[in-house]
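Note that these values count all heavy atoms, side chains included, but never hydrogens, waters or copies made by symmetry. Here is how names work: the chains are called A, B, and so on, in the same order as the sequence lines, proteins then strands, and each is numbered from 1.
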Amino acid sequence: MDFLAGPSKRSEGSTGGPVTYRHLLNHQSMTVSNPLRVIAHCDIDAAYAQFEQVRLGLPDDIPLICAQWQSIIAVNYPARKYGIKRFNTIDEAKKMCPHLHVQHVATYRNGEAEAGYWGEADPRTHKVSLDPYRRESLKILAIFKEMIPKGEIEKASIDEAFLDLSLMVAERLLDRFPHLKNVPEDAPSGLDSPLPPPPPIDWTNAGNVFPIHGEGEKGAEDGALAADKSCERPDWEDWALCVGADLMGELRSEVHKRLHYTCSAGIAHNKAMAKLCSAWKKPNNQTVLRAAATPAFLRDMDFTDIRFLGGKLGSAMATEFGAKTVGDMLTVPLEDMQKRFGEESIWVYNILRGIDHSEVTARVATKSMLASKNVRPSVTTPEQGHHWLQVLAGELNVRLRDARDISPGLWPKTLVLSHRTGIEASKSRQTAFPFTRNLSTEYILKYARKLWDEVTQPMNKGNMKLNNIALAFSGLERLEDGQKGIENFFNPNNNAKAATATATGATVKRSTSPTSRGVHVPTEPSPKKPRLPTLHTGKRKTALDSFLARPTDPDASPSINSGFKHDNARKPEDIIEIVDDSIDLPDNGWKCPRCKTVIKGEDSGNLKEQIQEHEDYHFALELQNGPSPARLPKPSKTGSKSRPEGIKRFFEPKSKS
DNA sequence: ACAATATGG
DNA sequence: GGCCATATTGT
């Protein structure tokens, strides 16, 4: 337990000694173990609720919940003051707060091709759409990308992201301390010489700085920080965090300025700690976790709050070692942990000590799209199913078109139909999804129906009772010209007769024992099969292994790259280019050179804003779908459709009921 | 390629 | 609890 003894012990970084010029100057050294590494985690406060509040143009201090049928899926912070929780019903919530705003998520209505906000949402006829939220998520991500052009950005979910600020921070440090750019002549070991001692740190713009001795200690608020300052000399690691926190402050204020969303952030030396401290003070706040404050920060925390320990692994460990807090777990020797949970559990051992070497990896492409519906009442005839297939196919149609607007050539390898009855395990059936130039709901529906028939034929005894139907695209990839089915390519209306003739029957029934595959204890890391390496440097292994995976030691291979790992990651130059694009514009409108969308400024004041927003949209979609191969003037759709489609929908009036 | 399952937001 | 996204395993 002497790990907790005090600030002299580092939780990360300086096990290898002082910060050197190499750490600051050599980008190749910006690895997961660079002591100057700065990682942020950012999380939109009560995201769905805020999205709705802003969409509706409501003031930010009114209590609002976002509803999905009779359930609450998000509660904004004003509403939380009334004690409203996610698990309350809407009626309960209204009782707690009579003037509560209740906004239902967008839905697809009957045969409607577009999701929208209708007066009423009926689970018997409507299907929930999260598309509006996905779009807001992309806008936010685009601002991140713009503000942190040189950092890796990992979208962790619809409302969360990790950012690697290390390069930006190093740059700012050098701007501020130019003398550090050159190694002094008389430096004993060249690049590997320690940096000179830093000046004191001004934390005033950094947000919450978690105190070294924990929260409840003597000097509250400023007192604790003042005490910290007096008893500890500043170091460059803390400087890096402070600069990173300034960056995050600017970024969050930019997000607020442009989109009116508040978010919370954590700034630390690694992902796990950044994630933990973004949740420390919410909403609209940020917290910095210095290495020296990490022991106090973690000590009393429930260790299952740590990312990846919230599931079966965490609870198995809690049971095994009779532990609840991180402090409890610190008494478990590494050997014991490894004996019980495998060699790789050193990952857990480290993270309990604030050490986490996992990288911030940009997600380059969406790999699947799922439209799922819990049907009420259950469908008991194949005909009822057709209705929902129509709705699900319609949604997939919209989503794939949207993605293809920005990422041409994107196409799913397969179409999957899943279904569930009661609480049994889901079953699924899939088929190849041949390329066509004429994507339509009907085209999707054709294959969906085929799957549906295969599924329903065997069960046609009147015993059919499906409670969930889902349709998904999987294996989403950018198709090369050569990959496009030749028939379909030249003959768009060809039905590709023999695309699938799968009739393999008999899926295994497996309804019992949800934990049968549960916490299997990996006594050995199990030699992996030579599986297809994924794009992401093949780090993923089994579910459990991936939690426990020990990162490769970056120090051992200084030659492997730093920030820009992915060939298709956007480079800063591109960003300049695009921002410049938006500057040249005709008087009263603007035509996007990429997608030919025309934006008209109603009052000239917001045209620029709209353009920026549009550019951001491109950014974000490329971030998600991968960059477009080149230009490609799209054949103008004008006039062919009465309803705007694809990217244009982005600029439609948001509420349409 | 296909089907099932795990995990997490 | 509903609606997702991603990854892995066995066949």
Side-chain angles (χ1 to χ4, degrees), chain A residues 43-44 47-48 66-74 86-89 104-108 121 123 126-131 133-134 137 155-161 275 307-314 361 363 365-376 392 395-396 399 413-420 423-433 451 454-455 467-476 499-511 513-520 526 528-529 531-532 534-536 538-547 549 624:
Chain A
D43 171 304
I44 306 299
Y48 292 178
C66 180
Q68 177 177 280
W69 314 136
Q70 285 313 300
S71 315
I72 298 174
I73 57 176
R86 286 257 298 265
F87 54 75
N88 290 126
T89 66
H104 194 275
V105 299
T107 57
Y108 286 92
H126 295 43
K127 186 206 170 297
V128 162
S129 166
L130 299 180
D131 256 15
Y133 305 152
R134 288 191 194 97
S137 176
K155 179 179 178 181
S157 76
I158 202 163
D159 67 340
E160 287 178 44
K275 163 102 183 167
R307 198 161 104 112
F308 297 142
L309 296 179
K312 299 183 176 183
L313 177 59
T361 68
R363 297 259 169 283
T366 299
K367 296 186 173 103
S368 66
M369 287 179 187
L370 173 73
S372 167
K373 171 68 188 174
N374 276 12
V375 284
R376 318 204 299 249
L392 298 172
E395 176 173 351
L396 287 185
R399 287 171 62 183
K413 282 188 164 53
T414 55
L415 180 72
V416 187
L417 174 70
S418 306
H419 56 97
R420 176 174 47 75
I423 58 166
E424 289 177 26
S426 283
K427 294 181 180 183
S428 72
R429 237 169 148 88
Q430 57 185 281
T431 182
F433 191 71
L451 292 171
E454 291 175 16
V455 159
N467 296 97
N468 175 275
I469 303 174
L471 207 54
F473 286 140
S474 76
L476 242 24
T500 60
T502 63
T504 69
T507 51
V508 188
K509 190 153 62 133
R510 190 93 190 62
S511 60
S513 173
T515 59
S516 60
R517 268 231 234 174
V519 189
H520 81 289
S526 92
K528 346 264 164 264
K529 318 287 190 216
R531 263 198 175 252
L532 253 269
T534 69
L535 287 176
H536 315 294
K539 265 199 298 267
R540 290 295 179 223
K541 303 169 190 168
T542 73
L544 193 54
D545 281 351
S546 75
F547 295 165
Q624 178 171 288

For [X] and [N], what is the distance between atoms [atom1] and [atom2] respectively, to the nearest whole Å?
X	N	atom1	atom2	value
A:Asn467	C:dG1	CG	P	14 Å
A:Glu424	B:dT5	CD	C1'	15 Å
A:Lys155	C:dA5	NZ	C1'	10 Å

If only side-chain N and O atoms of [X] are considered, is one of them under 4.0 Å from the OP1 or OP2 phosphate oxygen of [N]?
X	N	result
A:Lys127	C:dC4	yes
A:Ser428	B:dA4	yes
A:Gln68	C:dG2	no
A:Lys367	C:dA7	yes
A:Arg134	C:dA5	yes

Ranking A:Ser426 and A:Ala156 by the position along DNA chain B of their nearest nucleotide, the one closer to 5' is A:Ser426

Just wondering, do A:Phe433 and A:Val416 contact through their side chains at under 4.5 Å, heavy atoms?
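A side-chain contact under 4.5 Å is absent here.
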
Heavy atoms only, 4.0 Å cut-off, all strands: where does [X] land among base, sugar-phosphate and nothing?
X	value
A:Ile158	nothing
A:Arg420	nothing
A:Asn468	nothing
A:Ser372	sugar-phosphate

Symbol by symbol from the 5' end, with Watson-Crick or G-U pairs under 3.5 Å, [ ] crossing and | another strand, DNA chain B is |||||||||

Would you mind telling me which of [options] lies closest to the side-chain atoms of [X]?
X	options	result
A:Ile73	C:dG2, B:dG9, C:dG1	C:dG1
A:Arg86	B:dG8, C:dG1, B:dG9	C:dG1
A:Leu370	B:dG9, C:dA5, C:dG2	C:dA5
A:Arg429	B:dA3, B:dG9, B:dT5	B:dA3
A:Ala425	C:dC4, C:dT6, B:dT5	B:dT5
A:Asn374	B:dA3, B:dG9, C:dC3	C:dC3
A:Lys373	B:dG9, C:dC4, C:dC3	C:dC3

How would you list, by chain and number, every residue that makes a side-chain contact (heavy atoms from CB on, under 4.5 Å) with [X], sequence neighbours excluded?
X	value
A:Ser71	none
A:Asn468	A:Ser372, A:Asn374, A:Arg420, A:Ala470
A:Ala371	A:Lys127, A:Leu392, A:Glu395, A:Leu396

Contacts of A:Arg376 meeting salt bridge (Lys or Arg N to Asp or Glu O under 4.0 Å) (sequence neighbours excluded), chain-then-number -> none

Across all chains, not counting sequence neighbours, the salt bridge (Lys or Arg N to Asp or Glu O under 4.0 Å) partners of A:Lys373 are none

If you apply the rule side-chain contact (heavy atoms from CB on, under 4.5 Å), what do you find for A:Gln430 with A:Leu451, and how did you get there?
CA-CA 7 Å; A:Gln430 57 185 281; A:Leu451 292 171; 5.6 Å; no

- Item | CA sep, side-chain torsions, deciding dist, call: A:Phe473, A:Leu415, side-chain contact (heavy atoms from CB on, under 4.5 Å) | CA-CA 5 Å; A:Phe473 286 140; A:Leu415 180 72; 3.6 Å; yes

